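Report on the structure given below.
This structure is a prediction, so every number in the text was calculated from the model and none was measured. The sequence lines fix the lettering, A, B, ..., with proteins before strands; numbering per chain opens at 1.
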Protein chains: 2
Amino acid sequence: MTDERYSISQVSRCFGVPISTLRYYDELGLLPSAGRKGNVRLYGPAELRRLALIQRLHHRGLVSLADTAALICEAPADDRPTGRDVLGASIETIKGRIEDLRAAQHLLEHMLTCPRADPVRDCTELRVELDQAVEDGLGALDV
Amino acid sequence: MTDERYSISQVSRCFGVPISTLRYYDELGLLPSAGRKGNVRLYGPAELRRLALIQRLHHRGLVSLADTAALICEAPADDRPTGRDVLGASIETIKGRIEDLRAAQHLLEHMLTCPRADPVRDCTELRVELDQAVEDGLGALDV
DNA sequence: TCTTGCACTCAAGTGGACTTGAGCGTGCAG
DNA sequence: CTGCACGCTCAAGTCCACTTGAGTGCAAGA
């Protein structure tokens, strides 16, 4: 608040992002520093907001760094459609992943609560579901 | 259906998994073949089910291969708690990721529908949210 | 018999996202 | 003025999940 300009180590501490990562993002052009004093990077509010955005999108592999870059780097106007495309595609990808995760969650919860000692071998319910998947797959062989 | 034993290329085709990946999983012990004829891998129904399970868990990085292995390889009985732990932890991880994904999805949807030419720079709503995150982070500096 | 196709092994390479290390500069407290 | 914290660059290394390539074997069909 007092300052307006932050050193790389301050940014690192606030956001829990390693210094090496910040330098790496700078190198990529994903998060350039606001400027330099000597050759020391300084970050301002705009950079902090940008980093917050990057984190929200990229955190734990939600969106690849390349896509994140495509999404948040102001496109050169004529490139705008590209940005929109990535945007739409990313949303679809994310929706798909949420579905996948939900399925995996159900599966794991079943494994956790299943009274069978080894659900993978013994649980009928699980087996039925997996067999269905196998059937679906095998269908492809008869073509 | 007719057969009960499948070649690596058949399995590859049914499940859309590259042959190299199947060999890799075999090498890891994650998905051993049912046996070999000569030194050619053969897969049976149990292996297909196992592969279906692996896919559900591992698909697009949902769960790491190591964790997938921990989850589905029958633990040596005394190791059972370990399996349970991984199970619980995985479920929590997955829940967290679903939340993160939802947040990212909202953010992207806002960016898509926002009338501003460049939401990242111009959208007040977005800025407010990001500023909040920045404030939260900066709080850590005053300690 | 010869070729074609599928399978195998083992070692090395790939890509994404960083991390680590060596070697160097700079500013300020003691 | 010396030492330490902090910062810098550039090259190389790491981890994961595979993929690719070189070299080989076997079995069936023309």
Side-chain angles (χ1 to χ4, degrees), chain A residues 3 5-44 47 51 54-73 86 90 93 97 100 104 141, chain B residues 3 5-44 47 51 54-73 86 90 93 97 100 104 141:
Chain A
D3 210 10
R5 300 271 123 170
Y6 307 93
S7 72
I8 200 169
S9 63
Q10 288 178 310
V11 177
S12 165
R13 254 179 298 140
C14 306
F15 285 82
V17 173
I19 291 177
S20 61
T21 303
L22 292 172
R23 286 204 268 252
Y24 176 61
Y25 287 177
D26 185 1
E27 186 185 331
L28 292 184
L30 180 59
L31 181 68
S33 62
R36 298 209 170 190
K37 181 184 166 188
N39 78 342
V40 171
R41 288 171 183 85
L42 291 177
Y43 295 84
E47 284 69 39
L51 179 52
I54 292 170
Q55 280 198 305
R56 274 170 168 51
L57 294 178
H58 179 61
H59 194 214
R60 298 184 236 175
L62 302 180
V63 173
S64 75
L65 271 192
D67 284 352
T68 304
L71 290 171
I72 73 178
C73 296
V86 178
S90 300
T93 309
R97 281 171 71 123
D100 290 349
L141 280 188
Chain B
D3 209 12
R5 301 270 123 170
Y6 307 94
S7 72
I8 199 168
S9 64
Q10 287 178 312
V11 176
S12 164
R13 254 180 297 138
C14 305
F15 285 82
V17 173
I19 290 176
S20 61
T21 302
L22 293 172
R23 287 204 266 252
Y24 177 61
Y25 287 176
D26 186 1
E27 186 185 331
L28 292 185
L30 180 59
L31 182 66
S33 62
R36 298 208 170 192
K37 181 184 168 188
N39 77 343
V40 171
R41 289 170 184 85
L42 290 177
Y43 295 85
E47 284 68 41
L51 179 53
I54 292 170
Q55 280 198 305
R56 273 169 169 51
L57 294 178
H58 179 64
H59 193 214
R60 297 184 236 173
L62 302 181
V63 174
S64 75
L65 271 193
D67 284 352
T68 304
L71 291 170
I72 72 177
C73 296
V86 177
S90 299
T93 309
R97 281 169 72 121
D100 290 350
L141 280 188

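- Across all strands shown, B:Arg41 has heavy atoms under 4.0 Å from sugar-phosphate atoms exclusively, and none from any base.
- For the pair A:Glu27 CD and D:dC8 P, the interatomic distance rounds to 13 Å; values are reported in whole Å.
- Applying the side chain to side chain contact (heavy atoms under 4.5 Å, CB included) criterion to A:Arg13, with sequence neighbours excluded, gives A:Ser9, A:Gln10, B:Leu141.
- For residues 31-42 of chain A, the pairs satisfying side-chain hydrogen bond (donor to acceptor under 3.5 Å, both in side chains) are A:Asp26-A:Arg41, with sequence neighbours left out.
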Atom pairs, protein N/O to nucleotides 23-25 of chain D N/O, distance under 3.5 Å:
none

So which protein nitrogen or oxygen atoms get under 3.5 Å of nucleotides 11-15 of chain C's nitrogens or oxygens?
none

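- Residues passing the salt bridge (charged side-chain N to carboxylate O under 4.0 Å, His left out) test with B:Asp67: none are found, sequence neighbours excluded.
- If you check every strand for non-hydrogen atoms under 4.0 Å, A:Arg60 touches nothing.
- Note that OG1 of A:Thr93 is 11.0 Å distant from CG of A:Asp100, once rounded to the nearest 0.5 Å.
- Remark: B:Ala34 engages B:Arg5, B:Glu47 in a side chain to side chain contact (heavy atoms under 4.5 Å, CB included) (not counting sequence neighbours).
- Taking atom CG on A:Asn39 and atom C1' on D:dC10, their separation rounds to 13 Å, with Å as the unit.
- Within the structure, every side-chain polar atom (N or O) of B:Ser7 is placed at least 4.0 Å from both OP1 and OP2 of C:dC6.
- Every residue two or more places apart in sequence or in another chain was checked for a salt bridge (charged side-chain N to carboxylate O under 4.0 Å, His left out) with B:Arg23, and none qualifies.
- Proximity of a side-chain donor or acceptor of B:Ser12 to a complementary backbone N or O of B:Ile8 within less than 3.5 Å is not detected.
- The minimum heavy-atom distance between B:Leu30 and B:Pro32, with the atom names listed, is C-CD, 3.7 Å.
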Provide a list of protein-nucleic acid N or O atom pairs under 3.5 angstrom, restricted to nucleotides 21-25 of chain C.
none

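- Shown here are the salt bridge (charged side-chain N to carboxylate O under 4.0 Å, His left out) partners of B:Arg56, two or more places apart in sequence or in another chain: A:Glu129.
- Helical stems in DNA chain C, defined as runs of 3 or more consecutive Watson-Crick or G-U wobble pairs with both donor-acceptor distances under 3.5 Å, are listed by first residue as C:1-30 with D:1-30.
- In terms of the side chain to side chain contact (heavy atoms under 4.5 Å, CB included) criterion, residue partners of A:Thr21 (sequence neighbours excluded) are, by chain and number, A:Val17, A:Pro18, A:Tyr25.
- The separation between A:Arg23 atom CZ and D:dG7 atom P is 8 Å, rounded to whole Å.
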Listed pairs, N/O of protein and of nucleotides 16-20 of chain C, under 3.5 Å:
from   : atom 1 : to      : atom 2 : distance (Å)
C:dA17 : OP1    : A:Leu65 : N      : 3.1
C:dC18 : OP2    : A:Tyr25 : OH     : 3.0
C:dC18 : OP2    : A:His58 : NE2    : 2.8
C:dT19 : OP2    : A:Ser20 : OG     : 2.5
C:dT19 : OP2    : A:Thr21 : OG1    : 2.6

